[in-house]
Amino acid sequence: MPMLGLGTYGMEADDECFGSVRAGLGMGYRHLDTAEGYHNEEAVGDAVAEADVDREDLFVATKVSPDNLDYDHVLTAAEESLDRLGLDAVDLLYVHWPTGEYEATDTLDAFAELREEGVTEEIGVSNFTVELLEEAVEVSPEPIFANQVEMHPLCPQTELRQFCAQDDVDVELVAYSPIARGDVDDVEELQAVADDHDATPAQVSLAWLREKGVTAIPKATSQSHLRENWLSLGVDLDEADVERIDAIEERRRLVDPDEAPWNQ
């Protein structure tokens with residue numbers, strides 16, 4: 001899984017999504033993240049089909065919505081996602097939220113069946129707390145490959161990172177909203193580190209995630225933001241930089257619905 005991907009949340013306009021994914025693939029992005037609930041899988045698939053990139057060089061992830069997490073609904077929803085994407089299989093299929101029809105054993109049994117059938121290479125979860133992830137790892141017949149959560153310097157997910165790093169867990173973390181929807185630009189500590197590296201606060205935030213071993217999937221629609229994020233791969237932080245970012249006191253979630261598991 002490439003450690004820098006392209007998120008597509010909020011790109012419901014087909015032309016915007018198609019243009020962003022096509023431009024991103026031309027720039028070098030090889031990890032694409034979408035979801036049934038984003039209503040843009042078809043546009044993502046169209047961009048993949050038009051791109052001059054071999055399928056085996058791409059990592060495509062999508063998600064099953066909470067209303068489709070009953071066993072039979074999972075199987076149907078996954079096939080419908082493949083149809084919209086125009087793909088024979090995805091590289092990673094996530095449980096989008098542990099809400100709605102989610103029931104750990106029933107849902108993850110269906111995901112395991114999809115992995116066994118080759119519909120997806122890996123299975124994952126999204127927006128899972130430590131407690132929910134611990135349960136999922138225990139009951140899933142197939143390994144949980146990744147947990148996708150909001151993560152950035154203002155929401156560092158320290159407890160979750162520590163849990164995922166345990167040898168008997170070994171779950172990758174994928175960060176959505178990795179630049180806090182632009183809010184990192186206003187954080188003094190990130191501005192200072194960025195100035196030291198002739199970079200932007202957004203690039204520093206993405207580099208910090210990489211130092212933590214976390215994959216980032218920032219959304220970008222303009223050529224300038226796509227390139228800014230892509231060039232973050234050239235930003236190398238030292239230990240002092242990371243410690244300075246870790247010491248940021250401000251804490252904030254941007255995605256915090258009432259039904260989220262951490263609010264229950």
Side-chain angles (χ1 to χ4, degrees), residues 1-9 11 17 21 24-25 29-38 40-45 47-48 51 53-66 68-69 73-98 102 104 107-128 132-133 136-137 139-151 157 160-161 164-165 169-178 209-210 213-219:
M1 178 172 64
M3 290 195 73
L4 180 65
L6 176 58
T8 62
Y9 172 74
M11 297 186 196
C17 183
V21 174
L25 291 173
Y29 287 85
R30 294 295 181 264
H31 177 176
L32 304 175
D33 183 88
T34 182
E36 175 188 8
Y38 296 172
N40 61 18
E41 288 173 316
E42 188 170 351
V44 171
V48 168
V53 180
D54 291 338
R55 174 64 184 93
E56 56 265 30
D57 294 331
L58 289 177
F59 189 95
V60 180
T62 192
K63 310 176 190 73
V64 179
S65 296
N68 283 326
L69 293 175
H73 294 167
V74 167
L75 304 183
T76 301
E79 291 294 345
E80 290 175 349
S81 284
L82 290 186
D83 288 343
R84 287 188 291 268
L85 287 163
L87 300 176
D88 295 328
V90 291
D91 298 279
L92 176 56
L93 185 69
Y94 292 101
V95 174
H96 202 160
W97 284 89
Y102 178 73
T107 300
L108 294 170
D109 280 353
F111 272 69
E113 180 175 329
L114 291 170
R115 185 172 189 250
E116 291 168 359
E117 293 178 350
V119 172
T120 181
E121 183 70 21
E122 303 287 357
I123 64 174
V125 297
S126 185
N127 298 298
F128 275 46
L132 284 167
L133 183 57
V137 168
V139 306
S140 178
E142 295 286 334
I144 303 296
F145 177 75
N147 183 19
Q148 185 179 129
V149 295
E150 177 181 352
M151 184 175 171
Q157 298 282 11
L160 193 56
R161 283 191 286 112
C164 289
V169 178
D170 192 26
V171 172
E172 299 282 338
L173 275 176
V174 177
Y176 68 75
S177 299
L209 286 164
R210 194 168 65 250
V214 175
T215 295
I217 50 166
K219 169 194 172 183

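Numbering of residues begins at 1 and proceeds along the displayed sequence.
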Between [atom1] on residue [X] and [atom2] on residue [Y], distance to nearest 0.5 Å:
X	Y	atom1	atom2	result
Asp109	Glu142	CG	CD	10.5 Å
Glu117	Glu79	CD	CD	7.5 Å
Glu113	Leu75	CD	CG	5.0 Å
Arg115	Thr120	CZ	OG1	8.5 Å
Leu69	Leu108	CG	CG	9.0 Å
Asp33	Thr8	CG	OG1	6.0 Å

Using a 4.5 Å cut-off on heavy atoms from C-beta on, say whether the side chain of [Y] contacts that of [X].
X	Y	answer
Phe111	Val95	yes
Asn68	Val74	no
Leu58	Leu25	yes
Phe59	Leu92	yes
Ile217	Tyr9	no
Glu41	Asp83	no
Ser177	Met151	no
Leu85	Val48	no

Nearest atoms (heavy-atom pairs only) where [X] meets [Y]:
X	Y	answer
Gly5	Tyr29	O-CE2, 3.7 Å
Ala35	Thr62	CA-OG1, 3.3 Å
Ala112	Ile123	N-CD1, 4.4 Å
Gly37	Ser65	N-OG, 3.5 Å
Tyr94	Ala61	CE1-CB, 3.8 Å
Thr215	Pro2	CG2-O, 3.3 Å

| request: Check the pair Cys17 / Val44 against side chain to side chain contact (heavy atoms under 4.5 Å, CB included), numbers first and verdict last. | output: CA-CA 7 Å; Cys17 183; Val44 171; 3.7 Å; yes
| task | Apply side chain to side chain contact (heavy atoms under 4.5 Å, CB included) to Asn40 and Thr34, showing your working. | result | CA-CA 7 Å; Asn40 61 18; Thr34 182; 2.6 Å; yes
| request: State yes or no: are the ring centers of His96 and Tyr38 separated by less than 6.0 Å? | output: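 Ring-ring flag for His96/Tyr38: true, centres closer than 6.0 Å.
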| task | Could you tell me whether Tyr102 and Phe128 have their ring centroids closer than 6.0 angstrom? | result |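 Yes; Phe128 has its ring centre under 6.0 Å from that of Tyr102.
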| message | I'd like to know whether Lys63 forms a salt bridge (charged side-chain N to carboxylate O under 4.0 Å, His left out) with Glu36, so could you lay out the CA-CA distance, the side-chain angles of the two residues, the decisive distance to 0.1 Å, and finally the verdict. | response | CA-CA 6 Å; Lys63 310 176 190 73; Glu36 175 188 8; over 6 Å; no
| query | So, Tyr176 and Glu150: side-chain donor and acceptor under 3.5 Å apart, yes or no? | reply |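 No, no side-chain donor-acceptor contact under 3.5 Å.
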| task | Count the heavy atoms of every other residue, nucleotide or ligand shown that sit under 6.0 Å from CG of Asp54, and state whether that count exceeds 12. | result |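 Result for CG/Asp54: enclosed.
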| Asp91 with Arg55: basic N within carboxylate O range, under 4.0 Å |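 Arg55 and Asp91: salt-bridged.
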| query | Cys164 and side-chain contact (heavy atoms from CB on, under 4.5 Å): which partner among Ile144, Val171, Asp170, Val137? | reply |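 When side-chain contact (heavy atoms from CB on, under 4.5 Å) is applied between Cys164 and each of Ile144, Val171, Asp170, Val137, only Val171 qualifies.
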| Under the side chain to side chain contact (heavy atoms under 4.5 Å, CB included) criterion, do Leu93 and Val119 qualify, and how do the steps go? | CA-CA 9 Å; Leu93 185 69; Val119 172; 5.5 Å; no
| request: Might you work through the side chain to side chain contact (heavy atoms under 4.5 Å, CB included) test for Arg161 and Val214, ending with a clear yes or no? | output: CA-CA 9 Å; Arg161 283 191 286 112; Val214 175; 4.2 Å; yes
